[in-house]
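If you read the sequence from its start, that first residue is 1, and numbering goes on from there.
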Amino acid sequence: DKSDVVPIAKKLSELGYIIYATLGTFNKLDKNNIPAILIPKIGAGNPNVVEKIQSGDISLIINTPLGRKSYQDDLQIREAALSKKILCITTLHAAKAAMDGMEWLQKHQITVYGPIKDRVVIK
């Protein structure tokens, strides 16, 4: 699914977000002229992705694991994300929806009125 992440990463970069990517994804983004910072996978160097999460350098995770090894890494990534209360998106459909939301929020002014009886009205 590396090709499917390209338009999402491109838009996130255009919106001003810094992208960290492990080697395979980094190479795909680099080939498509999308700036990213290379970050080692777990066990492939330091600081690795889990250490970067724990340090507070990462505020959103898009991780779509495939295979047994990826599943083991994904478990550690999700645990680190949970401990730091960081959103971890595990499908590209959800990543696209989140990116669309972030783009919308940057383009529109939101005014919050409330709370009114446990409700918040956003206009």
Side-chain angles (χ1 to χ4, degrees):
D1 59 354
K2 302 270 187 253
S3 294
D4 295 334
V5 81
V6 168
I8 295 168
K10 182 176 186 206
K11 181 57 76 174
L12 288 171
S13 178
E14 290 170 353
L15 292 172
Y17 293 96
I18 297 169
I19 299 171
Y20 289 91
T22 54
L23 186 59
T25 303
F26 176 86
N27 288 336
K28 188 67 171 181
L29 298 179
D30 188 53
K31 287 179 185 175
N32 287 276
N33 299 313
I34 300 168
I37 298 169
L38 179 61
I39 186 170
K41 287 189 176 205
I42 298 166
N46 296 87
N48 66 41
V49 64
V50 170
E51 292 165 338
K52 291 297 265 181
I53 293 167
Q54 291 170 338
S55 71
D57 291 336
I58 295 174
S59 56
L60 171 68
I61 300 162
I62 300 171
N63 184 35
T64 57
L66 296 171
R68 182 180 283 279
K69 173 67 172 128
S70 292
Y71 177 78
Q72 291 301 319
D73 288 352
D74 178 56
L75 182 60
Q76 291 181 55
I77 290 168
R78 285 183 287 128
E79 286 174 344
L82 183 62
S83 73
K84 297 298 278 186
K85 298 182 180 174
I86 298 170
L87 177 61
C88 187
I89 298 172
T90 58
T91 68
L92 291 177
H93 283 70
K96 168 102 173 55
M99 182 271 310
D100 289 343
M102 290 185 290
E103 180 179 32
W104 189 92
L105 286 171
Q106 280 193 9
K107 291 180 178 180
H108 297 87
Q109 178 66 35
I110 295 178
T111 304
V112 176
Y113 300 94
I116 304 168
K117 295 184 183 180
D118 300 326
R119 288 181 274 160
V120 174
V121 179
I122 299 175
K123 184 176 181 180

task: Identify the heavy atoms of P47 and K52 that sit nearest to each other, and give their distance.
output: CG-CD, 3.8 Å

Shortest non-hydrogen separation from P35 to N33 and the atoms involved: CD-O, 3.7 Å

message: To the closest 0.5 Å, what do you measure between CG (L12) and CD1 (I18)?
response: 12.0 Å

- line: Only residue of M102, K11, M99 satisfying side-chain contact (heavy atoms from CB on, under 4.5 Å) with Y17 is M102

- request: For residues N48 and I39, determine if any side-chain heavy atom of one lies less than 4.5 Å from a side-chain heavy atom of the other.
  value: no

- line: Scanning both residues in full, the closest heavy-atom pair of F26 with A36 reads CE1-O, 3.2 Å

field: Side chain to side chain, E79 and L82, heavy atoms closer than 4.5 Å
entry: no

- line: Across all chains, not counting sequence neighbours, the ring-ring contact (aromatic ring centres under 6.0 Å, His included) partners of H108 are W104

- prompt: Nearest 0.5 Å, what's the CG-CG distance between L38 and N27?
  reply: 7.5 Å

- line: d(I19 CD1, I58 CD1) to nearest 0.5 Å is 12.0 Å

- prompt: Going from NZ on K41 to CD1 on I77, what distance comes out if it is rounded to the nearest 0.5 angstrom?
  reply: 8.5 Å

- request: Evaluate the side-chain proximity of N63 to V49: yes if any heavy-atom separation is below 4.5 Å, no if none is.
  value: no

Interatomic distance, I86 atom CD1 to D57 atom CG [nearest 0.5 angstrom]: 9.5 Å

query: Is V6 reachable from L60 through a run of I, L, V, M, F, W or Y residues, each pair having side-chain heavy atoms under 4.5 Å apart?
result: yes

- prompt: Q106 side chain to L15 main-chain N or O, any donor-acceptor pair under 3.5 Å?
  reply: yes

field: Side chains of I61 and I89 in contact at under 4.5 Å (non-hydrogen atoms)
entry: no

query: Is a side-chain donor or acceptor of S83 paired with a backbone partner of A80 at a separation under 3.5 angstrom?
result: yes

Reported CD1-to-CD1 distance for the pair I34 and I8, which is rounded to 0.5 angstrom: 10.5 Å

- prompt: If you look at every heavy atom in C88 and R78, which pair is closest and at what distance?
  reply: SG-CG, 3.9 Å

